[in-house]
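Notes to accompany the following structure.
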There are 2 protein chains.
Amino acid sequence: MSLRIAPSRARDEVPSATVERLPVYLHALDRLRASGIATVSSADLAERSGVTSAKLRKDLSHLGSFGTRGVGYDVEFLHRSIADWLGVHEPLGVVIVGLGNLGHALATYRGFAPGGFRIVGLVDVDPDVVGTDVPCGEHSLPVRPLADLAEVAASAQIGVIATPGSAAQDACDRLVAAGITHILSFAPRFLAVPSGVQVRAIDLGVELQILAFRQRQAAHEPGAVSA
Amino acid sequence: MSLRIAPSRARDEVPSATVERLPVYLHALDRLRASGIATVSSADLAERSGVTSAKLRKDLSHLGSFGTRGVGYDVEFLHRSIADWLGVHEPLGVVIVGLGNLGHALATYRGFAPGGFRIVGLVDVDPDVVGTDVPCGEHSLPVRPLADLAEVAASAQIGVIATPGSAAQDACDRLVAAGITHILSFAPRFLAVPSGVQVRAIDLGVELQILAFRQRQAAHEPGAVSA
DNA sequence: AGGTGCTTGTGAACGCTGGATACAAACCTC
DNA sequence: GAGGTTTGTATCCAGCGTTCACAAGCACCT
């Protein structure tokens, strides 16, 4: 393969919808690499990612030019290119607040390390939980009391809230006070934050209700089939 | 309060963006009701839900007219109206496939019952897990082997996939074969399904990577502050 | 009884992101 | 060197969602 120049276009001008699909492509490339496949066409990769080939090519064109006309994409090169563009090479520190069932699930979740994350701290209020060790991928970490949050968060860039809803706003405020600007929340609540702080909220109950609505709707009108 | 007519407009013509926000409003109303607040204005409710008042009023206008001009909304009445419209009164059966950490977290998740769900089955492949009892809200359920999935899914309308990625497509195929048409997947993979089957996918790794990208972007350009 | 001040409900315009199409450029193979 | 294949991109379109602004309506006060 000839020498290539890393395109690396300005990150600002990329549509957010594209940014949200890039990790999906990365996963698909992961699997292709694991299968020993060296080259992939846009049509093939698109099908594995659940999009159309045109959309895939348009997405990639926003960050540069990675393929070879008439051939396709080199799996290894495209994977590295997207990963670099997303900035996976320098892992971010993650602190998890709340180690109930969900917190444990997140801590032990495989797929954080390859994604460029390193869990650096676990925090909870429950005295029965504080002090216990939780396995986090390779290593394991002790759960520390809520009072230590500021100290723990000092080496983190991302906060994850896995507390009950009633404790979520307090946890959020503490994270923000500790300098965390990007938060992933699983609490069933809207979190108020100062401007400049990004919150990405996932509410399992809401997701299920949306699905349930569609189910009931489809059950009531058996004729309708949507994409 | 005077007699009111339930508006109940056609469900089809409501934009999907509105449908996805209704459960959020419902949660906010839950909390207001718990606080003993009887009346709420669109501005107040909107702030608690993380949207603008105009958007909230427009969303509600799609399903009818629930407020009183000059006063606001009756919390109890609006809650019941949205819940009825979403169809919460008749609970849907949920079957969970995969009872690792995430599956356990989902099974024990509080907030399914009030949302109109009833977990009716748990399935896993691991012989060590099969047979164990898992608490699901009020009651508890035994984990059954994968071979029983069709039988278990017979009384379910929604399937939840919480397996590792490698087992997700197989689990999905079995759910579809058992007649399940609406699936919530947490597996880091695109799931291929026949047309008519709805899949809602949540990939924790993807969510974190999107957030991480924004973090690195913000860190690199300290001037930018986005809403 | 009438006026006043809110708040809802909605009509219309706007912005815009994203998606589809089609075609030219480029590369490998024969 | 020709042909076939696949990428990269320019252009256009369409549809959705959001916002703005105002009219309609209710309660309360005088």
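Proteins come first, then strands; the chains are lettered A, B, ... in the order of their sequence lines, and each starts at number 1. The basis for the numbers below is simple: all heavy atoms, side chains too, and nothing from hydrogens, waters or symmetry mates.
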Roughly how far, to the nearest 0.5 Å, is [atom2] of [Y] from [atom1] of [X]?
| X | Y | atom1 | atom2 | answer |
| --- | --- | --- | --- | --- |
| I96(B) | Y109(B) | CD1 | OH | 12.5 Å |
| L45(A) | L78(A) | CG | CG | 6.5 Å |
| Y25(A) | D30(A) | OH | CG | 15.5 Å |
| L86(A) | I82(A) | CG | CD1 | 7.5 Å |
| S53(B) | K58(B) | OG | NZ | 13.0 Å |
| R80(B) | H89(B) | CZ | NE2 | 13.0 Å |

**Request:** Kindly write out the residues that satisfy side chain to side chain contact (heavy atoms under 4.5 Å, CB included) with A168(A), not counting sequence neighbours, or none if the list is empty.
**Result:**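 I161(A), T163(A), A187(A), L191(A).
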Roughly, in whole Å, what's the span from [atom1] in [X] to [atom2] in [N]?
| X | N | atom1 | atom2 | result |
| --- | --- | --- | --- | --- |
| F66(B) | dT8(C) | CZ | C1' | 13 Å |
| K55(A) | dT9(D) | NZ | C1' | 18 Å |
| L78(A) | dT7(D) | CG | P | 11 Å |
| D59(A) | dT7(D) | CG | P | 14 Å |
| L63(A) | dG8(D) | CG | C1' | 13 Å |
| H62(A) | dT7(D) | NE2 | P | 17 Å |
| L60(B) | dT10(C) | CG | P | 11 Å |

**Asked** At their closest point, which heavy atom of I183(B) faces which heavy atom of C172(B), and how far apart are they?
**Response**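 The answer is CD1-SG, 4.0 Å.
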**Asked** Which pair of heavy atoms, one from I210(B) and one from P23(A), lies closest together, and at what distance?
**Response**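 Nearest heavy atoms, I210(B) then P23(A): CG1-CG, 4.4 Å.
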**Fill in**
Assert: residue with more 5' nearest nucleotide on DNA chain C, out of A54(A) and S16(A), is S16(A)
I'd like to know if the side chain of [X] and the backbone of [Y] have a donor-acceptor N/O pair within less than 3.5 Å.
| X | Y | result |
| --- | --- | --- |
| R200(B) | L208(A) | no |
| R216(A) | E90(B) | yes |
| R48(B) | A28(B) | no |
| E76(A) | R33(A) | no |
| Q169(B) | A192(B) | yes |

**Request:** Side chain of A17(A) only, please: which of dG17(D), dT8(C), dG18(C) is the nearest?
**Result:**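 For the A17(A) side chain, the nearest candidate turns out to be dG18(C).
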**Prompt:** Counting side-chain heavy atoms from C-beta on, which of dA21(D), dG18(C), dT19(D) comes nearest to R57(B)?
**Reply:**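 Among the listed nucleotides, the one closest to the side chain of R57(B) is dA21(D).
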**Prompt:** If you look at every strand shown and take non-hydrogen atoms under 4.0 Å, does T18(A) touch a base, only sugar-phosphate, or nothing?
**Reply:** nothing
**Prompt:** Which part of the nucleic acid does T52(B) contact within heavy-atom distance under 4.0 Å: base, sugar-phosphate only, or nothing?
**Reply:**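 Sugar-phosphate contact only - T52(B) comes under 4.0 Å of backbone atoms but never of a base.
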**Asked** Which parts of residues 21-31 of chain A get close to DNA chain D, meaning a heavy atom less than 4.0 angstrom away?
**Response** none
**Item:** Under-4.0 Å side-chain N/O to phosphate OP1/OP2 contact, S65(A) with dA25(C)
**Value:**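 No, because none of the side-chain N or O atoms of S65(A) sits under 4.0 Å from OP1 or OP2 of dA25(C).
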**Prompt:** OP1 or OP2 of dG9(C) sitting under 4.0 Å from any side-chain N/O of Y73(B)?
**Reply:**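 Yes, within the criterion.
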**Request:** Please map the stems of DNA chain C, keeping only stretches of three or more Watson-Crick or G-U wobble pairs with both distances under 3.5 angstrom.
**Result:** C:1-30 with D:1-30
**Message:** Short of 4.0 Å, heavy atom to strand atom, which residues of residues 37-48 of chain B count as contacting DNA chain C?
**Reply:**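 Here the set is S41(B), S42(B).
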Tabulate atom names and distances for all N/O pairs under 3.5 angstrom spanning the protein and nucleotides 25-30 of chain D.
residue : atom : partner : partner atom : Å
dG25(D) : O4'  : R69(B)  : NE           : 3.3

**Message:** Around atom CD of E47(A), are there more than 12 heavy atoms from other residues, nucleotides or ligands closer than 6.0 Å?
**Reply:** no
**Message:** Less than 4.0 angstrom from a charged side-chain N to a carboxylate O is my criterion; do D59(A) and K55(A) meet it?
**Reply:**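 Answer for the salt bridge query: no.
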**Prompt:** How are the rings of F66(A) and F77(A) set to each other: parallel, tilted or perpendicular (split at 30° and 60°)?
**Reply:**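 Answer is tilted, since the angle falls between 30° and 60°.
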Between the protein and nucleotides 11-14 of chain D, list the N/O to N/O atom pairs that are separated by less than 3.5 angstrom.
residue : atom : partner : partner atom : Å
dT11(D) : O4   : K58(A)  : NZ           : 3.1

